Amino acid sequence: MINLYGQEINELTELMLSEGQKKYRAIQLYTWIYEKRAISFDEMTDVSLKFREVLKEKYCLDLPKIHTKQVSQDGTIKLLLELKDGMKVECVLMRYNYGCAVCVSSQVGCNMACSFCSSGILGKQRNLEPEEMVGQVLVINNLLKEEGKGQHVTHVVVMGTGEPFDNYDNVMDFIRIINHQKGLAIGARHITVSTCGLIDGILKYAKEGLQTNLAISLHAPNNELRNALMKVNKAYPLEKLMPAVKEYEQISGRRVTYEYLLLEGINDTKECADQLINLIKGTMGYVNLIPYNETNKNDKYHRSSGNRVHAFLDMLTKGGVTATIRKEFGSDIDAACGQLKAKSEGAYEK
Ligand code: SAH
């Protein structure tokens, strides 16, 4: 069975041609599933009965199932979704005053093994298929529809579990599907991919000709500290990563966001701020400071106090680097990466 939610428009057009259909059939199907939100082929009344039977036989419109749903006091919704093979992934709905953003997972588990992140505890189990990423957005859209306030997903960040550039092709298909005018029509500038710094992926992404955004999880301004926090830095140290990011900026003309998790006493010092300023100054990028979400009671890292976060922000600003503090959502519901899944599977006890 081919899941229609995983078909990028060119692929679907090819498939329809191979079924002896006219080219417009692909757009017609997109319109049914994304605009009219049909959930069965029977609803597609302008498709001949005969071809509907073919569709039913070979194609499906399957969405992941909601395994667990947590709703935060601030309205944030975190879902643990169950996939066809029983594996589970998380996605989160965040409500901003400018729209509804979904944080999408790109893999089941993650191989990057960053020392502060729960997603990597059990390693990567598998890549997500495009339909499983589209499915995360659609399930959230369905919940928004049920709320009846006329809201729908307007922004997507690929910042859930997984390393998107370790699942490059599927993530690109996913982006093309949600960005397509007749797909979910989510504007490219409202789509952000976050990477821990896989250079090949960054350079390939630069050449996609998309107007989507890139975020780099930096978290440390020198190799020694970054090696300790992020294993990936041993393969792609800062002297390789930073030129790649500059090349990305030149090719794409887009500004990069540097994510910088603040860990008390570890990377929130004056020395780190000065090093960070030197690293970023002269690029178009800006820094998003992320308050660390402590993952369990034995956590070896602690979030920097509000005072230290603001002091760090001040140092960056005075040093000529644009920086903001990330708004926090759902801290009462395990909303940071991999926490809900890790908890449900007892990973912290292992
Ligand atoms: N692999 C990609 C995307 C997934 S992680 C990447 O590394 O960018 C998304 C972001 O959440 C990363 O910046 C990651 O470092 C951060 N993160 C991981 N654990 C966190 C925690 N406990 N609290 C806050 N942010 C966390």
Side-chain angles (χ1 to χ4, degrees), residues 76 78 89-92 94 101-124 127-128 133 136 156-168 170-171 174-175 191-199 201-202 205 212-220 225-226 228-233 235-236 241 245 248 256-264 266-268 285 287-304 309 324-343 347-348:
T76 302
K78 176 141 188 169
V89 285
E90 302 178 353
C91 65
V92 184
M94 295 163 291
V102 175
C103 178
V104 169
S105 292
S106 57
Q107 298 178 319
V108 184
C110 181
N111 265 348
M112 299 301 126
C114 298
S115 62
F116 49 80
C117 177
S118 334
S119 297
I121 296 178
L122 300 174
K124 172 172 101 176
N127 284 331
L128 291 187
M133 291 181 260
Q136 296 173 51
V156 167
V157 294
V158 188
M159 284 187 194
T161 297
E163 167 48 47
F165 288 165
D166 185 35
N167 184 17
Y168 189 89
N170 287 348
V171 169
F174 162 64
I175 289 177
I191 300 172
T192 302
V193 177
S194 175
T195 180
C196 62
L198 300 186
I199 290 176
I202 294 171
Y205 186 62
T212 46
N213 308 303
L214 178 65
I216 306 281
S217 294
L218 196 58
H219 304 326
L225 190 53
R226 201 161 187 269
L229 298 176
M230 304 174 73
K231 218 172 72 182
V232 66
N233 196 66
Y236 302 110
L241 174 62
V245 176
Y248 167 85
V256 162
T257 309
Y258 295 98
E259 297 164 273
Y260 195 96
L261 201 61
L262 284 167
L263 305 169
E264 174 115 3
I266 292 183
N267 65 355
D268 65 351
V287 176
N288 195 205
L289 297 172
I290 311 177
Y292 178 60
N293 258 308
E294 292 182 20
T295 50
N296 66 17
K297 53 182 183 304
N298 303 322
D299 204 324
K300 59 179 166 176
Y301 300 115
H302 299 286
R303 70 154 58 202
S304 305
V309 173
T324 48
I325 300 172
R326 176 172 297 174
K327 185 169 160 31
E328 281 191 276
F329 292 94
S331 38
D332 53 332
I333 56 161
D334 309 307
C337 310
Q339 290 185 10
L340 179 59
K341 178 172 152 69
K343 215 182 225 174
Y348 295 133

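All of these numbers come straight from a predicted model, not from anything done at the bench. Atoms within each ligand, like the ligands themselves, are counted from 1 in listed order.
In this structure, Gly160 counts as a contact residue of ligand 1, since one of its heavy atoms falls inside 4.0 Å of the ligand. In this structure, Glu259 counts as a contact residue of ligand 1, since one of its heavy atoms falls inside 4.0 Å of the ligand. At least one heavy atom of Gly162 sits closer than 4.0 Å to an atom of ligand 1.
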| request: Step by step, work out the side chain to side chain contact (heavy atoms under 4.5 Å, CB included) result for Leu218 and Val287. | output: CA-CA 9 Å; Leu218 196 58; Val287 176; over 6 Å; no
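In this structure, the separation between CG on Asn167 and NZ on Lys124 is 7.0 Å, given to the nearest 0.5 Å. To the nearest 0.5 Å, the span separating OH on Tyr292 from NE2 on His219 amounts to 10.5 Å. Atom-to-atom distance recorded for His302:NE2 and Asp268:CG is 12.5 Å, nearest 0.5 angstrom.
If you look at His219 next to ligand 1, the close heavy atoms, those under 4.0 Å, all belong to the side chain. Proximity of Thr195 to ligand 1, defined as any heavy-atom pair under 4.0 Å, is confined to the backbone N, CA, C and O atoms.
The contact set between ligand 1 and Cys117, taken as ligand atoms under 4.0 Å from a residue heavy atom, comprises 18 (C), 19 (N). With ligand atoms numbered from 1 in the order given, ligand 1 contributes 6 (C), 7 (O), 8 (O) to contacts under 4.0 Å with heavy atoms of Cys196.
Any N or O atom pair closer than 3.5 Å counts here, and Ser118 shares no such pair with ligand 1. Not a single N or O atom of Ile290, backbone or side chain, sits closer than 3.5 Å to an N or O atom of ligand 1. Considering backbone and side-chain atoms together, Asn293 places an N or O closer than 3.5 Å to an N or O of ligand 1.
By the ring-ring contact (aromatic ring centres under 6.0 Å, His included) test, Phe165 pairs with Tyr168, Tyr205, sequence neighbours left out. Listed by chain and residue number, Glu328 satisfy the salt bridge (charged side-chain N to carboxylate O under 4.0 Å, His left out) test with Arg303 (two or more places apart in sequence, or in another chain).
The closest side-chain donor-acceptor pair between Thr195 and Glu163 falls under 3.5 angstrom.
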